[in-house]
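The chains referred to below are lettered A, B, ... by the order of the sequence lines, with proteins before strands, and numbering in each begins at 1. For clarity, every value in this text was computed on a predicted model and none was experimentally measured.
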Number of protein chains: 2
Amino acid sequence: MTTGTLVPVFAALGDETRWSILAALGEGDASASALAGRLPVTRQAIAKHLAVLQEVGLVEPIRVGREVRYRVLGSRLGETARRLEAIGAEWDRRLAAIKEIAEGL
Amino acid sequence: MTTGTLVPVFAALGDETRWSILAALGEGDASASALAGRLPVTRQAIAKHLAVLQEVGLVEPIRVGREVRYRVLGSRLGETARRLEAIGAEWDRRLAAIKEIAEGL
DNA sequence: TCGACATGCAACCTTAGAGTTGCATTAACT
DNA sequence: AGTTAATGCAACTCTAAGGTTGCATGTCGA
């Protein structure tokens with residue numbers, strides 16, 4: 001699995017429209033044109049967003065005849081979540097250690 | 001705990017400089033001025049970033065005399081991670097369901 | 001009280017990105 | 001082959017965000 005850098009993934013997840021796209025894809029794989037029918041933005045705008053999502057591995061393109069359907073990669077979301085969880089835990093550990101020191105234990 | 005919207009948190013985490021700040025704060029609480037001494041950006045730029053991080057609950061201000069130190073809230077990172085994990089799991093469940101249907105099970 | 005250091009506020013610059021329109025291209029289907 | 005519907009590419013607009021400089025305000029300490 002492409003464990004690329006984490007920050008761009010968060011940047012990709014930091015946009016409401018992209019979450020709308022992900023939500024729409026949750027109903028089933030769909031093409032940029034199909035998504036444009038359901039969302040209040042242009043097909044080209046959606047195409048750009050899909051490119052961003054694909055870039056960070058959150059989505060996968062699948063050619064079906066003359067169209068390109070996209071599928072959400074839940075595993076990537078899970079992987080990102082686990083890495084974030086690890087970082088959060090690390091901070092808690094540090095805070096606990098600092099607290100002990102502060103309390104003279 | 002302020003379980004505000006998720007997207008702004010990701011947007012906040014989607015910037016390299018802010019991660020630098022979080023990393024620096026990992027060494028211990030620090031003020032904007034102190035951070036400016038360690039990072040290649042202005043104090044004011046850091047102040048803006050800290051405002052953003054505080055806005056989404058990733059950081060907490062603590063007045064210490066005439067200065068304002070900031071502390072990372074690891075719990076917020078953990079909370080965000082769990083919510084993302086849940087979403088990822090949900091997607092995996094959907095994909096599994098779709099696969100079953102596709103295979104005629 | 002006065003100087004030094006820290007924060008707060010405001011105006012400004014510059015670029016990245018979200019969105020648009022328009023056109024070219026490719027590929028399915030009759 | 002020709003039509004239709006999809007994608008791909010390019011240029012353009014506009015706003016928000018990251019960053020800067022400058023100055024005002026506030027507060028600790030000698």
Next on the checklist: Please determine whether side chain to side chain contact (heavy atoms under 4.5 Å, CB included) holds for the pair A:L50 and A:L35, giving the CA-CA distance in whole Å, both sets of side-chain angles, and the decisive distance to 0.1 Å.
Outcome noted: CA-CA 10 Å; A:L50 286 171; A:L35 291 170; 4.2 Å; yes
Checklist entry - Do A:V9 and B:F10 pass the side chain to side chain contact (heavy atoms under 4.5 Å, CB included) test, and can you show the C-alpha distance, the side-chain angles, and the key distance before you say yes or no? => result CA-CA 9 Å; A:V9 181; B:F10 289 127; over 6 Å; no
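Using a 4.0 Å heavy-atom cutoff across all strands shown, A:A32 reaches sugar-phosphate atoms only and no base atom.
As rounded to whole Å, 10 Å separates atom P of C:dA18 from atom CG of A:L53. Taking atom CG of residue A:L50 and atom P of nucleotide D:dG8, one finds them 10 Å apart after rounding to whole Å. Taking atom OH of residue B:Y70 and atom P of nucleotide C:dA6, one finds them 15 Å apart after rounding to whole Å. One atom, CD1 of A:I46, and another, P of C:dG19, lie 9 Å apart when rounded to the nearest Å. Per the geometry, CZ belonging to A:R69 stands 13 Å off C1' belonging to C:dA28, to the nearest Å.
B:R18 contributes a side-chain N or O that, together with a main-chain N or O of B:A12, makes up a donor-acceptor pair within less than 3.5 Å.
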Checklist outcome for this item: Given protein heavy atoms under 4.0 Å, the one-letter contact record of nucleotides 25-30 of chain D, with B base, S sugar-phosphate only and - none, is simply --BB--
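Remark: B:E55 CD is loosely packed, at most 12 non-hydrogen atoms of other residues, nucleotides or ligands lying under 6.0 Å away.
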Would you tabulate the nitrogen or oxygen pairs shorter than 3.5 Å linking the protein to nucleotides 17-21 of chain D?
| from | atom 1 | to | atom 2 | distance (Å) |
| --- | --- | --- | --- | --- |
| D:dG18 | OP1 | B:R18 | NH1 | 3.3 |
| D:dG18 | OP1 | B:R18 | NH2 | 2.9 |
| D:dG19 | OP1 | B:T17 | OG1 | 3.1 |
| D:dG19 | OP2 | B:H49 | NE2 | 2.3 |
| D:dG19 | N7 | B:K48 | NZ | 2.9 |
| D:dG19 | O6 | B:K48 | NZ | 2.6 |
| D:dT20 | OP1 | B:T42 | OG1 | 3.4 |
| D:dT20 | OP2 | B:T42 | N | 2.7 |
| D:dT20 | OP2 | B:T42 | OG1 | 2.2 |
| D:dT20 | O5' | B:T42 | OG1 | 2.9 |

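The two residues A:A30 and A:A34 come nearest to each other via the heavy atoms CB-CB, 4.2 Å. Among all heavy-atom pairs drawn from B:P8 and B:V56, the shortest one is O-CG1, 3.7 Å.
Residues B:V7 and A:L84 share a single hydrophobic cluster, defined by chaining ILVMFWY side chains whose heavy atoms lie under 4.5 Å apart.
For the side chain to side chain contact (heavy atoms under 4.5 Å, CB included) test with B:V59, the passing option among B:L25, B:D29, B:L73 is B:L25; the others fail.
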